[in-house]
Amino acid sequence: MEQVNSLGRTAVEEIVQKEFPEFLEKEEKKEEHRLPDLRNVRGSVVMRLAPSPSGPLHLGHTRMSILNDEYVKRYGGELILRLEDTNPANIDPEAYEMIPEDLNNIGVKIHRIIIQSERMEIYYAEARNLIAKGHAYVCFCAAEELRKLKLQSLACPHRDTDPEKSLKLFDDMISGAFKPGAATLVIQTDLFHPNPSLRDWIAFRISPAKHPRTGERYYAFPMMNFSVAVDDHKLGLTHVLRGKDQLNNTDRQRFIFQYNGWTLPEYYHYGMIALPGEKLKTSIIRKGIREGKYTGWDDVRLNTVRALLRRGYQPETFRRYWIESGLREIDASFSWDIFNSMNREVIDGTSKRLFFVKDPISVIVRSGPGTAVRIPFHPEHKDLGFRELQMGEDPGIYIQAEDWNNLNDGATVRLKDLYNVSRSGEGLVYQVDQEFNPKTTKIIHWLPRGSNEFSVMKPDGSIDTGRIEKSIELVEGISQFERYGYVKLQKDKKSALFLHR
RNA sequence: GCUCCGUUAGUGUAGUCAGGCCAAGCAUAAGGGACUCUCAAUCCCUCGACUCGGGUCCAAAUCCCGAACGGAGCACCA
């Protein structure tokens, strides 16, 4: 093995090519992760994304977005963005714009946008339809009361109201005859259903909050289980991808399909993904932004799509990650290690290298020749160009405090791409004719005195300060600061956002 | 407590529907090495898993039963 290794890569490849061509072929067949086929696809598919417009999309949303997009692209058909704004109390008017933007930015193609608050008459009509068939009734029980009865499989006093009267009561309800909380429309299912959460469930409730889009036009709003079932059918969905947390809801919605004789879409319930770190609820972030704790929805500390894109994560990375995660029903935790590694793979080849000296200390190099060095922006992609570090007359340089502290008196270190120096007291001394051996001499990066001040904002909220090469003027976008990590440069060229190592 | 779902290495997954080619593949992490004037990238090697117990079968990660563990739901939220 050692012998083989000592040959170097090209030599080994040549030998393998000559002697064992079949190995190389096998190598190329390396399979990409592929999503499983969907059941019962007839020609094309119709699928949907159904976020509630309570804020912009976050990391968790990208999974369903990418998966749906992938399948629609595979089979052809339509991807519908359905904004579920039937709870006026939980709507951010700006989200109607932010969500399509976020989707577009991660490369998800939306064919049609549906807004539920524009479809209220449809829901009312379907509700009347079910009431008339005796599948729903207007209930005046208190929330607690109804819950208690259901747990005991007992009917509430309003369950037997005849359809005629229920229809009248429903019209009263939506036109504002009852106080908030006083009346609901309940779907009749089976009081003896073994799963208590499937017994008679609420389809409409009164919501007095002013709706950002419909104002005070509507007084009673459908619950998601009702509007989702109606829309999934009316929009002709063939396949529905949703989280496991929706399993009970799927079962509830089946009743609507069954009562109407509608054909069910194919449902898939993928497992929950635990996002590491504190789970920040949209409402908490919004509050934080208002109070100035966060700079906005794209604050580097947040896991919103806009924050992650701003830091330099690539649309391709989201896609690869979620395709690899697939549709499994197992709960898993999100792995930043793997996510970052995928992103690194996407960006490395085009990320220009720069020296960023964190916590710089200024030291003098005695008897060093004033000189300039020319370094490629990328060690393997010389076509990305070169940058220059100019020592000039000033014998002073910056190195990282950490590197200085690790350097014993008399010890030698390599100033990358320059020359060797050794520590002598509080300064460095140029080492003439010192042969450089990377195996024994540690390499550190450095900057000529006079380099620009710079700071890096990190996702944990901390800030690294230091100095950056003047040639940052020639670089934009994502850069790799050597021995530090990948960052996204800001337009001002005075700061960057930390991406990952 | 009730209902439903799941359980492959530290992490993410392939394989499970149609049992044998799985003494379990890939990625990532970790350790070692090659290369390299970055602690990056690239390349090589190593480490490491079918939750447990029964059953069916010539043969089980794969089918059946049970247990344990984990998760989701049990809202006039979505």
Side-chain angles (χ1 to χ4, degrees), chain A residues 1-2 4-10 12-13 30-34 36 39 50-54 84-87 89-90 116 139 141-143 146-147 150-151 180-186 193-199 201-207 220-221 223-225 227-228 243-252 269 271-274 276 320-321 323-326 328-342 344-345 348-349 351 353-355 373 375 378-381 414-420 436-438 441-445 480-486 501:
Chain A
M1 199 65 240
E2 267 175 38
V4 173
N5 277 342
S6 69
L7 284 174
R9 173 139 193 249
T10 340
V12 172
E13 270 178 4
K30 202 197 268 179
E31 270 188 42
E32 293 262 322
H33 272 272
R34 188 172 189 274
R39 298 180 292 256
S52 66
S54 56
E84 309 209 322
D85 58 346
T86 53
N87 179 10
N90 186 32
Q116 286 194 316
C139 173
C141 294
L146 187 62
R147 198 179 312 141
K150 284 195 294 190
L151 279 175
T184 55
L185 183 75
V186 175
H193 197 289
N195 184 350
S197 63
L198 297 188
R199 297 171 193 165
W201 50 266
I202 292 174
F204 276 82
R205 85 299 203 181
I206 294 166
S207 187
F221 287 82
M223 302 289 289
M224 73 83 102
N225 276 307
S227 52
V228 163
K244 245 170 55 170
D245 54 326
Q246 305 283 349
L247 272 163
N248 279 340
N249 289 328
T250 300
D251 286 339
R252 283 199 263 248
H269 297 91
M272 309 306 288
I273 295 287
R320 283 197 204 175
Y321 188 87
I323 287 176
E324 168 155 341
S325 291
R328 304 183 77 200
E329 290 185 25
I330 181 182
D331 299 325
S333 45
F334 185 84
S335 168
W336 283 106
D337 265 354
I338 292 175
F339 192 68
N340 287 342
S341 157
M342 288 177 170
R344 199 178 295 123
E345 210 173 304
D348 182 74
S351 299
R353 270 54 174 171
L354 288 173
F355 286 171
V373 286
I375 316 172
H378 192 292
E380 280 133 48
H381 302 283
R414 177 70 173 188
L415 297 178
K416 187 170 184 289
D417 300 306
L418 190 65
Y419 45 59
N420 286 5
F436 171 59
N437 179 356
T441 311
K442 189 176 163 56
I443 301 166
I444 65 170
H445 62 293
Q480 190 215 55
F481 288 175
E482 296 196 31
R483 306 210 300 143
Y484 181 80
Y486 295 87
R501 275 203 66 84

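Labels below follow one simple rule: chain letters A, B, ... track the order of the sequence lines, proteins then strands, and each chain is numbered from 1.
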Please give, in whole Å, the distance from B:C74 P to A:Leu151 CG? 12 Å
Tell me which nucleotide among B:U8, B:A78, B:C37 gets nearest to the side chain of A:Arg328. B:U8
Need one value for A:Tyr486: base, sugar-phosphate or nothing, where a base atom within 4.0 Å counts as base even if backbone is also close, heavy atoms only. sugar-phosphate
Sequence-distant partners of A:Arg353, salt bridge (charged side-chain N to carboxylate O under 4.0 Å, His left out), two or more places apart: A:Asp348
Which nucleotide wins on minimum distance to the side chain of A:Thr184, given the candidates B:G12, B:G71, B:C76? B:C76
Nearest heavy atom decides the nucleotide; on that basis, is A:Met223 or A:Arg501 closer to the 5' end of RNA chain B? A:Arg501
Whole-angstrom distance between B:G6 and B:A14, as gauged at atom P: 14 Å
Map A:Ile330 and A:Tyr484 onto RNA chain B by nearest heavy atom, then report which one ends up closer to the 5' terminus. A:Ile330
Name the nucleic acid region contacted by A:Ser54, choosing base, sugar-phosphate or nothing; use a 4.0 angstrom heavy-atom cut-off, strictly under. nothing
B:A67 versus B:A29 - spacing of their P atoms, nearest Å: 41 Å
Can you find a side-chain donor-acceptor pair between A:Asn195 and A:Asn248 that sits under 3.5 Å? yes
May I ask you to evaluate whether A:Ser197 reaches the phosphate of B:C2, defined as a side-chain N or O under 4.0 Å from OP1 or OP2? no
Check every strand shown and say whether A:Glu84 touches a base, only sugar-phosphate, or nothing at a heavy-atom separation below 4.0 Å. sugar-phosphate
Could you state the interatomic distance from CD (A:Glu329) to CG (A:Leu247), rounded to the nearest 0.5 Å? 7.0 Å
Checking only heavy atoms, does the side chain of A:Arg353 share a donor-acceptor pair with the base of B:A40 at less than 3.5 Å? yes
Applying the side chain to side chain donor-acceptor pair (under 3.5 Å) test to A:His445, which of A:Arg483, A:Lys416, A:Arg414 qualifies? A:Arg483
Using Watson-Crick or G-U wobble pairs with both distances under 3.5 Å, give me RNA chain B in dot-bracket, 5' to 3', with [ ] for crossers and | for pairs to another strand. (((((((..((((......[....)))).(((((.......)))))....(((((..]....))))))))))))....
Using a 4.0 Å heavy-atom cut-off across all strands, classify A:Asn249 as base, sugar-phosphate, or nothing. base
Tell me the interatomic distance from A:Gln246, atom CD, to B:G71, atom P, rounded to whole angstroms. 19 Å
Once you round it to whole Å, what is the distance between P of B:G73 and CE of A:Met272? 6 Å
Tell me what A:Pro379 touches on the nucleic acid: a base, only sugar-phosphate, or nothing, going by heavy atoms under 4.0 Å. base
When you compare B:G53 with B:U46, how far apart are their C1' atoms, in angstrom units rounded to a whole number? 34 Å
Report the distance from atom CZ of A:Phe436 to atom C1' of B:U36, rounded to the nearest whole Å. 10 Å
With sugar-phosphate meaning primed atoms plus P, OP1 and OP2, does A:Glu380 contact a base, only sugar-phosphate, or nothing at under 4.0 Å between heavy atoms? base
Please give, in whole Å, the distance from B:G73 C1' to A:Arg252 CZ? 8 Å
What is the distance from NZ of A:Lys442 to C1' of B:U36, rounded to the nearest Å? 15 Å
Sugar-phosphate only, base, or nothing, as touched by A:Cys141 at under 4.0 Å among non-hydrogen atoms: base
Rounded P spacing from B:C69 to B:C63 in Å: 23 Å
Distance check, P atoms only: B:G66 and B:U3, in whole angstrom units. 14 Å
Counting any heavy atom closer than 4.0 Å, what does A:Asn87 reach on the DNA or RNA strands: base, sugar-phosphate only, or nothing? sugar-phosphate
Main chain of A:Ser197, side chain of A:Arg252: is a donor-acceptor contact present, judged purely on distance under 3.5 Å? yes
Same-atom distance (C1') from B:U11 to B:C2, integer angstrom: 33 Å
Any base atoms under 4.0 Å from A:Ala143, or only sugar-phosphate, or nothing? Heavy atoms, all strands. base
Rounding to 0.5 Å, atoms CG (A:Leu198) and CG (A:Asp251) come to a distance of 5.5 Å
Could you state the CD-P distance from A:Glu345 to B:C26, rounded to the nearest angstrom? 16 Å
Establish, with yes or no, whether the OP1 or OP2 oxygen of B:A78 is under 4.0 angstrom from a side-chain nitrogen or oxygen of A:Arg205. yes
NA contact type, A:Arg344, heavy-atom cut-off 4.0 Å: base, sugar-phosphate, or nothing? sugar-phosphate
Stepwise side-chain contact (heavy atoms from CB on, under 4.5 Å) check, A:Leu146 with A:Cys139: CA-CA 9 Å; A:Leu146 187 62; A:Cys139 173; 4.1 Å; yes
Out of B:G12, B:G10, B:C39, minimum distance to the side chain of A:Arg483 belongs to B:C39
Exam field: side chain A:Arg344 to backbone A:Arg501, donor-acceptor pair closer than 3.5 Å: yes
From A:Phe355 CZ over to A:Leu415 CG, what is the distance, rounded to the nearest 0.5 angstrom? 9.0 Å
Report the nucleotide, chosen from B:C74, B:G70, B:G6, that has the shortest atom-to-atom distance to any side-chain atom of A:Glu329. B:G6
Tell me what A:Ser333 touches on the nucleic acid: a base, only sugar-phosphate, or nothing, going by heavy atoms under 4.0 Å. sugar-phosphate
Expressed as a whole number of Å, how far does the P atom of B:G70 sit from that of B:U8? 14 Å
Measure from the side chain of A:Glu482, starting at C-beta and using heavy atoms only, and say which of B:G71, B:G12, B:U38 lies closest. B:U38
Rounded distance in Å between the C1' positions of B:A49 and B:U7: 12 Å
How about A:Arg205 and A:Phe221: do any of their side-chain heavy atoms sit closer than 4.5 Å? yes
Could you give the CG-to-P distance, from A:Leu198 to B:C4, as a whole number of Å? 9 Å
